[in-house]
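Below: one structure, written as structure tokens.
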Amino acid sequence: MDVDIVCVGFGPAMGGFLTTLSRRLLKPDGTPLVESAVMPGMPPQVVCYERADDLGFGVSGAVTRARGLRAAFPELDPAQIPMAAPISAEKLVYLLDPLGASRRSWTLRAADRLIRGLNWALPFEADALELPWIPRFLHKSGGLVLSLGQLMQWVGAQVQSAGTVQIWPGTPVGEALIEGNRVAGVRLLDQGTDPQCRPSEGFLPGLDVHAALTVIGDGPVGPIGQQLDERFGMPPGHHQRDWALGMKLVVDLPEGADLKPGTVLHTFGYPEPEIFGFFYAHPGRVASVGIFVPSWFDSPVRTAYRYLQHWMLHPYLWRYLKGGRLRSWGAKTVGESGRRGEPYLAGDGYARIGEGSGSTNALAGSGLDEAWTTGVQLAEAVIELLQARQPFTKANLEATYLKRRRASWVQQEGRVAEKSRDGFQRGVVTGLIGMALAGLTKGAISLGRDPVPPYRRLPTLEQYYRGRIPAEDIKKLRQECAAKAIPLHDALMERCGWPAIPYDGQLLVSHQDALLLGGKVQAPPGYADHVLFLYRELCAWCGTKICIEACSGQAITPGPKGVPQFDRDKCIHCGACFWNCSQPLPDNPERMNIAFRAGPGGLHSAEN
Ligand SMILES: Cc1cc2nc3c(=O)[nH]c(=O)nc-3n(C[C@H](O)[C@H](O)[C@H](O)COP(=O)(O)OP(=O)(O)OC[C@H]3O[C@@H](n4cnc5c(N)ncnc54)[C@H](O)[C@@H]3O)c2cc1C
Ligand code: SF4
Ligand code: SF4
């Protein structure tokens, strides 16, 4: 099939691209702005493929300054978008450890003792300190609280109503078609295969879609972005070693929860000092609540689900959540390398936008606005080239798209953020001071060092728990859990004093119930497994088996001969296994022993 422009993924970046482009392909009199090269007489043919089973099945917080969104929709009334509200209050809260189970440095313990001792003089309540001030680089005042799912469904409807663009959900792109140094389009995923990708009943090879321009906005763990990174390499000095796994719930708050819609709480300090949390109140007594488990958290027990439950149970948050009900649940990784993770943004026949192009700002905790804006910048560049009848070459895209991007606030703020989190490589306190310094000096001062990949950072379980759990006990617990084919984190955490979760069947539900109730996870048959363990001998030898501990959907479990097993039916496509794996590939130490490929299915919720 031949089209003019083919697009991969429908997240905020593509929302910005298609919103801007779709409005400009026809002149006010209804005639094409320029003629399609593949369908004479018609406007350029634009097709977008999204792998999830429907539009808006992505996961995000989301609180945003919404500069890009408001520029695209100057008349925007948040009431048009379900779950959206203007920000009404914003607080930054340090959560102390009410249980004594969290792994805190002596500096933090001393700080906690001091805060507790002076609690009468401080804004201290429910074991938490409300900071009197939110630094400028962090606050989102004037912005919006949103649900990414609802936003993308609304944007999808706006784009499709223009009638100039097609969006196909449930259609994963399998690979980019690369001819020499040029991207010539995409190949959709084969259907009718077994899990090992062998043709089976009803085999249908993936359709080749040729296009003059391929736009890649497949997010932080996108397979097409990865393919291009492997083929074209990364710019010198760039790498993608900073990321976080974000896990969230959408909750019906109990009656009496007196949080005004638009209330935003950012938390840090608990359940482990490295874990950040968010609590955003939507209209109708609904909230989005969640945590981020960052790449620099040096724990081989990286279970976001269990940590999320302990976070919700913190007295400061539980007073709002107790009696609430789970509506929706999900998780996804966030690429936090920012500008340092930027790949080549354009080449012959292709351009990259959004988080996979290094747009996310880790200092501001903001990705949506940046992703959207890079999409808008590319659309403006595309219109300029179409009108000038110039081809989509690397040079032309650099002179139009890159020029706009380099001159914009996305670039300027990205520079300030570039090294702002490097302090976390040395510890939480250094990290927090480093963020503040970088933010307040506009990036002139930063602390810490260049991030290192997971295999150089992660201690073994025995090292991590030294002084808390004897190595022999770890060995015994490991054997017991492997025999039951379950992860090890619950057993280890409970040995360290974390109490069992008091499941209530409403909000505090088991991980398996979250898949069914909150995520409604599904995997259509007839597709190959998208998570692959590349070198099985590396897995057999691997001491951390961190892919099992970190899996957001309990889709990876202990398997025979020390090699984990993958269950596609439980996978929510969060990408945590891809980033967390602790064994580098022999031929590319920047990539780990898990391949994350294109696949359909996953979460079935547009509320996240
Ligand atoms: C829990 C959580 C909370 C967050 N909170 C905030 C917040 O409060 N504020 C904020 O600004 N940002 C927040 N973010 C970050 C924000 O969500 C991202 O920065 C933003 O979504 C990036 O947009 P994108 O379009 O680049 O990528 P994505 O949103 O990742 O979209 C990429 C799309 O491509 C699709 N895709 C991938 N591969 C293929 C393929 N092979 N074929 C077809 N389609 C494919 C995916 O399904 C997806 O829909 C949060 C993220 C998470 C996970
Ligand atoms: S996938 Fe990675 S983390 Fe998991 S067992 Fe294999 S090598 Fe270890
Ligand atoms: S297997 Fe699926 S659910 Fe589990 S970590 Fe990997 S992508 Fe996430």
Side-chain angles (χ1 to χ4, degrees), residues 8-16 48-52 55-65 140 145-146 148 152 169 171-175 186 188-189 217-225 244-248 264 278 280 288 290-292 330-335 353-357 359-361 364-372 374-375 454 521 530-531 533-536 538-556 562-564 566-568 570-578 580-583 592-594 596-599 602 608:
V8 185
F10 187 67
M14 205 60 78
C48 173
Y49 296 108
E50 164 56 47
R51 58 139 235 98
L55 303 187
F57 281 5
V59 178
S60 181
V63 61
T64 172
R65 285 186 191 148
K140 307 283 186 303
V145 166
L146 292 161
L148 185 79
M152 291 316 298
T171 315
V173 171
E175 59 183 296
V186 298
L188 304 182
L189 203 61
D218 57 356
V221 68
I224 310 308
L245 185 270
M247 185 175 277
K248 70 174 279 192
V264 171
F278 59 90
Y280 308 147
S288 286
I291 58 166
F292 289 105
K332 189 166 147 287
T333 39
V334 188
I353 53 174
E355 197 159 291
S357 77
S359 59
T360 293
N361 186 316
S366 177
L368 198 156
D369 213 10
E370 287 75 3
W372 179 279
T374 61
V521 180
H530 54 277
V531 170
F533 307 104
L534 292 170
Y535 292 91
R536 300 174 75 80
L538 275 184
C539 291
W541 177 83
C542 169
T544 60
K545 304 266 189 285
I546 198 160
C547 56
I548 299 173
E549 305 307 324
C551 178
S552 303
Q554 289 189 326
I556 302 181
V563 182
F566 170 66
D567 180 352
R568 199 165 75 83
K570 292 182 180 169
C571 179
I572 61 168
H573 296 252
C574 71
C577 51
F578 173 77
N580 272 293
C581 170
S582 58
Q583 303 300 324
M592 306 301 134
N593 192 29
I594 282 194
F596 188 87
R597 300 199 176 144
N608 282 314

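Fair warning: this is a prediction, and the values are worked out from it, not measured in the lab. Order of listing sets the numbers, starting from 1, for every ligand and every atom in it.
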Does ligand 1 have a heavy atom under 4.0 Å from the side chain of F57, from its backbone, from both, or from neither?
neither
Atoms of ligand 3 under 4.0 Å from any heavy atom of G553, numbered from 1 in the order shown, are 3 (S)
Tell me whether ligand 1 is touched by G58 - counting only heavy atoms on the residue side and a distance under 4.0 Å.
no
If you count the atoms of ligand 2 from 1 in the order shown, which ones are under 4.0 Å from a heavy atom of P564?
5 (S)
Ring centroid separation for F292 and F278, is it under 6.0 angstrom?
yes
Tell me: protein heavy atom nearest atom 5 (S) of ligand 3, and distance?
C577 N, 3.4 Å
Give the numbers and elements of all ligand 1 atoms closer than 4.0 Å to a heavy atom of P172.
42 (N)
Which of the numbered atoms in ligand 2 are below 4.0 angstrom from a heavy atom of S582?
3 (S)
Shortest protein contact, atom 7 (S) of ligand 2 (heavy atom only)
Q583 CG, 3.2 Å
Close-contact set for ligand 1 against V334 heavy atoms, below 4.0 Å
51 (C), 52 (C), 53 (C)
List every atom of ligand 2 that sits less than 4.0 Å from any heavy atom of I546, numbering the atoms from 1 in the order shown and giving each element.
3 (S)
Which residue from H530, E355, M152, K332 reaches closest to atom 28 (P) of ligand 1 through any of its heavy atoms?
K332
Minimum distance, heavy atoms only, to atom 38 (N) of ligand 1: which one of L188, L146, D218 is it?
D218
Measuring from atom 44 (N) of ligand 1, which candidate in E370, E175, R65, R51 has the nearest non-hydrogen atom?
R51
Purely on distance, is any nitrogen or oxygen of A13 under 3.5 Å from one on ligand 1?
yes
Which bit of A371 is near ligand 1, meaning a heavy atom under 4.0 Å away: side chain, backbone, both or neither?
side chain
For V8 and ligand 1, does the shortest N/O to N/O distance drop below 3.5 Å?
no
So if I count the atoms of ligand 1 from 1 in the order they appear, which ones are less than 4.0 Å from some heavy atom of G246?
1 (C)
Within the 4.0 Å heavy-atom cut-off, what L368 brings close to ligand 1 is both
Identity and separation of the nearest protein heavy atom to atom 8 (Fe) of ligand 3:
C574 SG, 2.4 Å
Considering the heavy atoms of G217, write down every atom of ligand 1 situated less than 4.0 Å from one of them.
32 (C), 33 (C), 34 (O)
I'd like to know whether ligand 3 has F578 as a neighbour, heavy-atom separation below 4.0 Å.
no
Aromatic ring proximity F533/Y535, centre distance under 6.0 Å
no
Could you list the atoms of ligand 1 found under 4.0 angstrom from a heavy atom of G367?
10 (C), 11 (O), 12 (N), 19 (O)
Among all the protein's non-hydrogen atoms, which is closest to atom 4 (Fe) of ligand 2, and how far away is it?
C547 SG, 2.3 Å
Could you tell me, atom by atom, which parts of ligand 3 come under 4.0 Å of a heavy atom of S552?
4 (Fe), 5 (S)
Show your working on side-chain contact (heavy atoms from CB on, under 4.5 Å) between V186 and V8 and close with a plain yes or no.
CA-CA 9 Å; V186 298; V8 185; 4.0 Å; yes
Heavy-atom distances under 4.0 Å are what count here, so tell me which part of P12 touches ligand 1: side chain, backbone, both or neither.
both
Check ligand 2 against N593 and write out every atom of the ligand that is under 4.0 Å from a heavy-atom position of the residue.
6 (Fe), 7 (S)
A550 to N580 - nearest heavy-atom pair and separation
CB-ND2, 3.6 Å
Which protein heavy atom lies closest to atom 2 (Fe) of ligand 2, and at what distance to 0.1 Å?
C581 SG, 2.3 Å
Restricting to N/O/S atoms, is C539 within less than 2.8 Å of atom 6 (Fe) of ligand 2 or not?
yes
With a 4.5 Å limit on heavy-atom distance, are the side chains of H573 and R51 in contact?
yes
Name the closest protein heavy atom to atom 1 (S) of ligand 2, giving the residue it belongs to and the distance to 0.1 Å.
I594 CG1, 3.4 Å
Could you check atom 3 (S) of ligand 3 against the protein and tell me its nearest heavy-atom contact, residue, atom and distance included?
I572 N, 3.4 Å
Considering residues, nucleotides and ligands other than R568, do more than 12 of their heavy atoms fall under 6.0 Å from its CZ?
yes
Heavy-atom side-chain proximity of F57 to E50 below 4.5 angstrom:
no
Contact (N/O only, under 3.5 Å) between Y280 and ligand 1:
yes
I need the atoms of ligand 2 closer than 4.0 Å to a non-hydrogen atom of K545, numbered in the order shown.
5 (S)
Atoms of ligand 3, numbered as shown, that sit under 4.0 Å from any heavy atom of F596:
7 (S)
side-chain contact (heavy atoms from CB on, under 4.5 Å) evaluation trace for V521 with C571:
CA-CA 7 Å; V521 180; C571 179; 6.0 Å; no
